[in-house]
Amino acid sequence: MYMVYWTMIEGDTCTPHEKLFETTDMVAAMQCMEALRKRQRDGEPLRFITMSSEHPDLVGHPGVDVTGPGYDWKKRRR
């Protein structure tokens with residue numbers, strides 16, 4: 001799934017907005033962002049236009065997981 005976020009700034013008021021897109025609809029999400037950026041370039045008070053994604057069928061949990069006692073990763077040095 002994709003979520004497009006943006007903020008409208010009017011005076012001292014910031015109003016957050018969002019729009020949800022299905023996992024199969026990345027093109028529409030990108031088109032939405034481009035339309036918002038065009039409105040921003042045309043002078044509308046839009047800021048913080050961004051997109052986030054989250055796959056609904058993830059195998060593991062998002063974020064950092066705890067490693068086991070046998071984990072021994074080292075950065076390779078020259």
Side-chain angles (χ1 to χ4, degrees):
M1 300 173 83
Y2 301 99
M3 187 75 82
V4 174
Y5 298 96
W6 69 97
T7 301
M8 295 281 301
I9 300 175
E10 297 180 43
D12 291 339
T13 305
C14 295
T15 308
H17 297 275
E18 78 282 331
K19 186 171 181 180
L20 177 66
F21 296 88
E22 292 301 318
T23 303
T24 58
D25 218 2
M26 183 178 180
V27 172
M30 301 291 281
Q31 289 171 338
C32 176
M33 289 176 53
E34 185 55 33
L36 288 166
R37 289 185 178 126
K38 182 180 182 329
R39 288 171 51 190
Q40 183 184 43
R41 287 190 300 269
D42 289 343
E44 285 192 50
L46 297 169
R47 298 291 182 268
F48 307 107
I49 301 166
T50 189
M51 180 175 72
S52 181
S53 65
E54 183 174 299
H55 199 284
D57 300 322
L58 288 176
V59 174
H61 299 289
V64 178
D65 199 1
V66 177
T67 61
Y71 184 78
D72 190 30
W73 181 86
K74 291 184 174 72
K75 184 174 180 178
R76 187 173 164 181
R77 308 263 181 201
R78 292 181 189 204

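Just so it is clear, the values below take in all heavy atoms, side chains as well, and ignore hydrogens, waters and symmetry mates.
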Could you walk me through whether Met1 and Leu20 pass the side chain to side chain contact (heavy atoms under 4.5 Å, CB included) check?
CA-CA 7 Å; Met1 300 173 83; Leu20 177 66; 3.7 Å; yes
Which pair of non-hydrogen atoms, one from Cys14 and one from Ile9, has the smallest distance, and what is that distance?
SG-CG1, 4.0 Å
For Tyr2 against Thr23, the heavy-atom pair lying closest together
CE1-O, 3.3 Å
Side chains of Met51 and Met30 in contact at under 4.5 Å (non-hydrogen atoms):
yes
Smallest separation among heavy atoms of Val4 and Cys32, with atom names:
CG1-SG, 4.2 Å
Among Met33, Gln40, Glu18, Lys19, which residue meets the side-chain contact (heavy atoms from CB on, under 4.5 Å) test with Trp6?
Lys19
Is it the case that one hydrophobic cluster holds both Leu36 and Met8, taking links as side-chain heavy atoms less than 4.5 Å apart, direct or via other members?
yes
Identify which one of Ile49, Asp42, Leu46 satisfies the side-chain contact (heavy atoms from CB on, under 4.5 Å) criterion when paired with Arg37.
Ile49
